[in-house]
Amino acid sequence: MTGILIIGGYGGFGARLARRLAARGHRLIVAGRSLDKARRFCATLGDAEPARVDRTGDVADALATLRPDLVIDAAGPFQAGGHAVPRACIAAAIPYVDLADARGFVTGIGALDAAARAAGVAIVTGASSVPALSGAAVRAITQDMAAVRSVEMAITASNRAGAGPAVTRAVLSYAGQALPLWRGRRWATGFGWQKMRRMRFAVAGRPPLDRLVALADVPDLALMPSALPGAPAVTFGAGTELGFQNLFLWAASWPVRWGWIKGLVGAAPLLSRLQRLTIRLGGTRSAMRVAARGRRADGDVERCWTLLADHGDGPEIPTLAAVLVAEAILGGRIAPGAVAAHRLLELADFAPLFAELAVSDEIVERRLPPPLYRRVLGTGFDRLPPLVAAMHDICADDGAVGEGHVRRGRGPLAALAGAIMGFPPAGDHDLHVAFAVEDDGERWTRRFGGHAFSSRMTARAGLLVERFGPLRFGFALTADAEGLVMRLQRWSIAGVPLPLVLAPRLSGREWQEGDRFRFEVDAALPLIGRVVRYEGWLRTSSAEP
């Protein structure tokens with residue numbers, strides 16, 4: 001018996017993939033844990049044979065009996081699984097493809113590369129919306145960028161598409177869990193299904209979608225920073241159509257983050273039943289969005305690729321990359337080895353398959369405004385010493401490393417004020433500063449050793465406005481060949497302007513000393529005295545993921 005063996009071939013994505021491959025003339029072996037379900041599904045296809053294959057069982061015996069030309073694993077979830085199936089395929093010298101979107105599973109496939117090469121077979125993981133389609137989209141929109149600084153991706157599914165048990169378990173596996181994220185040119189920590197926000201998915205001539213998305217754990221978070229020039233920060237958001245479902249998962253993620261419970265996977269059967277009760281709510285529209293910001297010879301730009309799927313065709317999208325990769329393997333166009341699929345396909349490869357669906361996509365570009373400090377200083381920015389100017393020449397995301405010395409004020413009131421502001425303890429510290437562009441401003445997160453505090457900066461009426469919670473301070477900037485000086489001009493609490501005579505005594509200075517960017521910041525309060533003074537040096541980080 002020969003053909004393409006699809007494990008999980010009668011499931012949600014597996015069935016769609018099987019129908020698509022059958023329509024393209026491929027002979028199929030549809031398999032899963034239930035032979036009866038496989039038989040019933042095969043009766044709806046043409047040239048297809050049913051089989052029983054449990055991906056958690058002895059796959060080697062099944063492969064020895066069936067001897068397929070190619071194995072596609074569409075069963076999932078891959079979050080808690082090992083590489084038993086691709087290992088069995090290597091041992092049997094049978095090429096392999098899967099629809100995995102699990103970060104550890106996909107990024108760990110390289111451990112099988114030497115064995116796959118020796119066996120002469122292609123082993124490809126992640127042939128799905130992520131990282132195969134997302135990777136193709138990222139390359140399409142960044143091909144002329146000298147340095148990519150950020151990549152932001154998101155997927156939103158229609159409620160009527162109906163998330164299967166594998167998808168539900170996959171989402172719950174990381175909700176509230178700590179996720180490594182590349183930020184400020186170093187690894188930081190986020191938490192699954194948090195950082196929720198509303199995102200617009202828009203294609204010209206089509207009604208846009210406004211959906212909630214939250215941080216999801218996908219292979220792209222690990223693969224993209226090292227795959228693109230500039231080592232960009234990468235974010236991936238996911239969400240369902242119904243806002244209350246997203247909010248429920250967001251709320252449920254907090255007990256996991258706080259350590260009250262280990263995880264939410266045990267709730268998967270219950271949530272699957274609840275989802276089926278709401279299946280008639282909502283519409284049939286799904287969307288995907290990939291945006292990148294980076295540096296080009298003529299200035300900083302943002303490009304965004306957006307796909308909108310109507311009439312319930314959204315769930316077809318995750319199967320398209322598997323079709324393309326499977327046919328490339330069978331056609332001898334993918335070399336032996338074990339690789340993730342994020343670099344195998346081009347966005348143009350998907351166009352003929354998109355044309356068969358109710359799908360529209362487009363790429364739009366916009367020029368990014370100058371960095372914040374350049375907007376405030378105007379032509380004065382060009383008078384700054386080179387290292388000072390470079391520290392403020394920020395596009396999307398960047399980071400710097402160095403050393404800082406902190407002195408704290410004496411007395412209980414100074415200590416209380418410093419604690420409220422979140423200032424670091426006294427002493428010498430390793431220092432990292434992460435710069436992130438947010439809308440029309442920048443967020444600076446300063447980490448002195450293990451202590452971090454952040455502020456948000458914007459431009460208003462010619463001043464640099466720095467915000468710490470409800471406090472806002474407006475600084476006049478003076479720039480010359482010696483460096484940059486900050487002088488407090490106004491301040492407010494919760495938007496209420498206050499007399500300058502009552503303001504904290506704040507000052508800051510930046511300059512270049514040899515090959516180092518130097519800084520000092522001083523903060524004192526009337527009648528109390530110094531709260532904190534910190535000084536030190538920084539250099540733009542060249543760290544790679």
Side-chain angles (χ1 to χ4, degrees), residues 6-8 13-14 17 55-56 59 70-90 95-117 121-139 151 153-155 166-167 169-174 177-182 187 190 192 215-228 232 234-238 288 290 317-326 328-329 334-345 545:
I6 305 179
I7 301 175
F13 293 127
L17 175 61
R55 65 194 296 269
T56 63
V59 178
L70 172 71
V71 172
I72 302 179
D73 189 349
F78 295 86
Q79 274 72 12
H83 293 109
V85 178
R87 288 183 187 277
C89 288
I90 292 172
Y96 164 92
V97 181
D98 65 45
L99 279 67
D101 62 357
R103 180 175 183 165
F105 187 97
V106 172
T107 58
I109 201 68
L112 306 184
D113 186 58
R117 290 175 183 271
V121 292
I123 303 295
V124 178
T125 184
S128 191
S129 299
V130 293
L133 175 55
S134 55
V138 167
R139 288 196 308 280
V151 175
M153 298 169 279
I155 289 178
V167 174
R169 289 181 64 86
V171 170
L172 295 180
S173 71
Y174 60 76
Q177 304 289 350
L179 309 180
L181 301 175
W182 183 251
W187 289 106
L215 181 63
D217 192 24
V218 295
D220 307 64
L221 299 178
L223 296 173
M224 293 298 175
S226 59
L228 297 168
V234 180
T235 301
F236 194 97
M288 182 173 179
V290 178
I317 303 301
T319 70
L320 303 184
V323 172
L324 295 170
V325 171
I329 290 176
I334 295 180
V339 296
H342 63 300
R343 298 184 185 184
L344 294 182
L345 302 172

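In terms of modelled atom types and a separation under 3.5 Å, the side chain of Thr319 and the main chain of Phe13 share no donor-acceptor contact. Side-chain atoms of Arg87 never come within 3.5 Å of backbone atoms of Leu112 as a donor-acceptor pair (strictly under, hydrogens ignored). A donor-acceptor contact shorter than 3.5 Å links the side chain of Asp113 to the backbone of Ala338.
Separation of atoms OH (Tyr96) and CD1 (Ile90) is listed at 10.0 Å; rounding is to 0.5 Å. The CD1 atom of Ile329 lies 7.5 Å from the CD1 atom of Ile123; values are rounded to the nearest 0.5 Å. Rounded to the nearest 0.5 angstrom, Leu172 CG and Gln177 CD are separated by 10.5 Å. Separation of atoms CZ (Arg55) and CD1 (Ile7) is listed at 7.5 Å; rounding is to 0.5 Å.
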Test Trp182 against Val234 for side-chain contact (heavy atoms from CB on, under 4.5 Å), laying out the working first.
-> CA-CA 7 Å; Trp182 183 251; Val234 180; 6.0 Å; no
Kindly indicate, with the supporting measurements, whether the criterion side-chain contact (heavy atoms from CB on, under 4.5 Å) is fulfilled by Leu320 and Leu133.
-> CA-CA 8 Å; Leu320 303 184; Leu133 175 55; over 6 Å; no
Check the pair Val121, Cys89 against side-chain contact (heavy atoms from CB on, under 4.5 Å), reporting the backbone distance first and the verdict last.
-> CA-CA 9 Å; Val121 292; Cys89 288; over 6 Å; no
Test side-chain contact (heavy atoms from CB on, under 4.5 Å) applied to Val124 and Val339, step by step | CA-CA 5 Å; Val124 178; Val339 296; 4.2 Å; yes
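Closest approach of Ala100 to Thr125, counting heavy atoms only: CB-OG1, 3.7 Å. Taking both residues in full, the closest heavy atoms of Ser134 and Met153 are given as CB-SD, 3.7 Å, listed atom of the first, atom of the second, then distance. When all heavy atoms of Ala132 and Ala127 are compared, the pair lying nearest together is CB-CA, 3.9 Å. Counting all heavy atoms, side chain and backbone alike, Ile109 lies closest to Ala340 at CG2-N, 3.8 Å. The two residues Ser128 and Pro318 come nearest to each other via the heavy atoms OG-O, 3.0 Å. A pairwise comparison of heavy atoms in Pro95 and Leu70 identifies O-CD1, 3.4 Å as the closest pair.
Contacts classified as salt bridge (Lys or Arg N to Asp or Glu O under 4.0 Å) and involving residues 97-110 (residues at least two apart or in different chains) are given here: Arg103-Asp217. Among residues at least two apart or in separate chains, there is no salt bridge (Lys or Arg N to Asp or Glu O under 4.0 Å) pair with a member in residues 334-345.
Aromatic ring pairs are classed by plane angle as parallel below 30°, tilted from 30° to 60° and perpendicular above 60°; the pair Phe105 and His83 is tilted.
Using a 4.5 Å heavy-atom cutoff, the side chains of Leu99 and Ile72 are in contact. Leu221 has its side chain within reach of Leu181: a pair of non-hydrogen atoms, C-beta onward, lies under 4.5 Å apart. Between Leu215 and Tyr174 the shortest side-chain heavy-atom distance does not fall below 4.5 Å.
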